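Read through the structure below, which is laid out as structure tokens, and then see the notes.
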Amino acid sequence: MNILETNDFLRSLSESTPTDERPRDELGQAEFLELMIAQFRNQDPFEPMTNGDFLGQLAQFSTVNGITELDTSFSDLATAISGEQALQAGNIVGKDILTQSEFATHSDDDPLRGVIDLEGSASNVTVDVISVTGELIDTIALGEQFGGEIAFEWDGTTLDGDTAGEGTYQLVASVQRGDFIETVPVLVRSGVDSVSLGDPRGVLIDTSNVGSVLFGDVRRIL
């Protein structure tokens, strides 16, 4: 394929490619072809583009076009998944869920409940309840455990036997293995009040104890 034939070929592609209005900082198919034609017209006649170089340019064009189509496919898939999640989330309103959270809201009407998921045995398992100011309010001693899900609850009683009152508290779970003490995640049990759509991150679950959480972060529906 000589230079004139190549120019005619690329010009025909450019003319047959629909042009849509797009932001000035985006490169579409038509603009890509125009750049290729300009490159052919202005190349050094003593060093013309080889067939390999030409095929490389076409491969780049195919890549640009493929990425555009792939992006559209992923957008359609994301929309479908979001709709499916919304349907599933709507079915859990009024139920309880388990979701990982470091903070939880305590109500006098209902004890604060949660679960610690241990991957192995531990000689001493505790859950510290800490106020928003950093004060240790209570320690829930769970003793020796052999792994699995360990349930706990806090009725709002302080270390001194007083009532802590309603509010938000931090939950810090610790396990002892030999001479080492490490913290482990806490799964808080919370009721589902409603479902919110429209957040760019996904479907949000509005809960009574841990606020809003993503539907994908729900560990279990109880």
Side-chain angles (χ1 to χ4, degrees), residues 81-177 180-222:
I81 292 176
S82 179
E84 180 67 21
Q85 285 188 342
L87 291 175
Q88 295 178 3
N91 293 329
I92 67 175
V93 175
K95 298 181 179 180
D96 286 353
I97 62 170
L98 284 178
T99 184
Q100 182 176 328
S101 179
E102 186 178 355
F103 294 90
T105 301
H106 165 66
S107 172
D108 291 337
D109 299 331
D110 193 21
L112 199 159
R113 297 182 175 89
V115 168
I116 302 172
D117 191 4
L118 293 182
E119 296 182 354
S121 61
S123 59
N124 186 30
V125 180
T126 61
V127 179
D128 288 336
V129 182
I130 303 172
S131 69
V132 292
T133 59
E135 178 186 0
L136 179 62
I137 301 300
D138 193 15
T139 296
I140 305 170
L142 301 174
E144 182 178 6
Q145 300 291 339
F146 298 97
E149 293 188 349
I150 313 301
F152 70 89
E153 69 175 48
W154 181 58
D155 60 2
T157 303
T158 68
L159 290 170
D160 299 328
D162 298 327
T163 301
E166 297 183 343
T168 300
Y169 295 89
Q170 182 181 14
L171 302 175
V172 180
S174 302
V175 300
Q176 182 174 355
R177 295 186 174 98
F180 298 96
I181 298 177
E182 59 183 283
T183 59
V184 293
V186 174
L187 302 179
V188 178
R189 179 168 182 162
S190 186
V192 177
D193 297 329
S194 61
V195 175
S196 299
L197 306 178
D199 191 284
R201 298 172 297 170
V203 178
L204 287 179
I205 308 296
D206 302 314
T207 72
S208 57
N209 287 46
V210 295
S212 298
V213 299
L214 289 172
F215 181 72
D217 291 336
V218 175
R219 294 285 294 273
R220 182 183 301 173
I221 301 172
L222 304 174

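All heavy atoms count here, side chains included; hydrogens, waters and symmetry mates do not. Just so we're clear, the structure is a prediction, and the values are computed from it rather than from any experiment.
Between Trp154 and His106, the ring planes lie tilted relative to each other; the angle falls in the 30° to 60° range.
Every pair tested for ring-ring contact (aromatic ring centres under 6.0 Å, His included) that includes a residue from residues 121-145 fails, sequence neighbours excluded, so the list is empty. For the salt bridge (Lys or Arg N to Asp or Glu O under 4.0 Å) condition, no pair includes a residue of residues 156-172, sequence neighbours left out.
Residues Thr105 and Thr168 meet the side-chain proximity criterion, which asks for heavy atoms closer than 4.5 Å. Val129 is not listed as a side-chain neighbour of Leu112, based on a closest heavy-atom distance of 4.5 Å or more.
For Phe152, there are no ring-ring contact (aromatic ring centres under 6.0 Å, His included) partners at least two apart in sequence or on another chain. Under the side chain to side chain contact (heavy atoms under 4.5 Å, CB included) criterion, Val218 pairs with Ile97, Ile205, Ile221, not counting sequence neighbours. Considering only residues two or more places apart in sequence or on other chains, Pro111 meets the side chain to side chain contact (heavy atoms under 4.5 Å, CB included) condition with Arg113, Glu153. Evaluation of the salt bridge (Lys or Arg N to Asp or Glu O under 4.0 Å) rule for Glu182 yields Arg177 as partners, not counting sequence neighbours. Contacts of Asp193 classified as side-chain hydrogen bond (donor to acceptor under 3.5 Å, both in side chains), with partners at least two apart in sequence or in another chain: none. Partners of Ser212 by side-chain hydrogen bond (donor to acceptor under 3.5 Å, both in side chains), not counting sequence neighbours, listed by chain and number: Asp206. Taking Ile181 as the reference, Ser174, Gln176 meet the side chain to side chain contact (heavy atoms under 4.5 Å, CB included) condition, with sequence neighbours excluded. The salt bridge (Lys or Arg N to Asp or Glu O under 4.0 Å) search around Asp217 returns none, not counting sequence neighbours. The side chain to side chain contact (heavy atoms under 4.5 Å, CB included) check on Leu136 picks up Asp128, Ile130, Thr139, Leu159, with sequence neighbours excluded. With sequence neighbours excluded, no residue satisfies side-chain hydrogen bond (donor to acceptor under 3.5 Å, both in side chains) with Thr183.
With hydrogens and angles ignored, the 3.5 Å screen pairs a side-chain donor or acceptor of Ser101 with a backbone N or O of Phe103. Between the side chain of Ser208 and the main chain of Gly191, a donor-acceptor pair closer than 3.5 Å is present.
Ion pair Glu149/Arg220 flagged as a salt bridge, since at least one NZ, NE, NH1 or NH2 atom sits closer than 4.0 Å to an Asp/Glu carboxylate oxygen.
Nearest heavy-atom pair, Ile137 versus Ser131, reported as atom, atom and distance to 0.1 Å: CG1-N, 3.7 Å.
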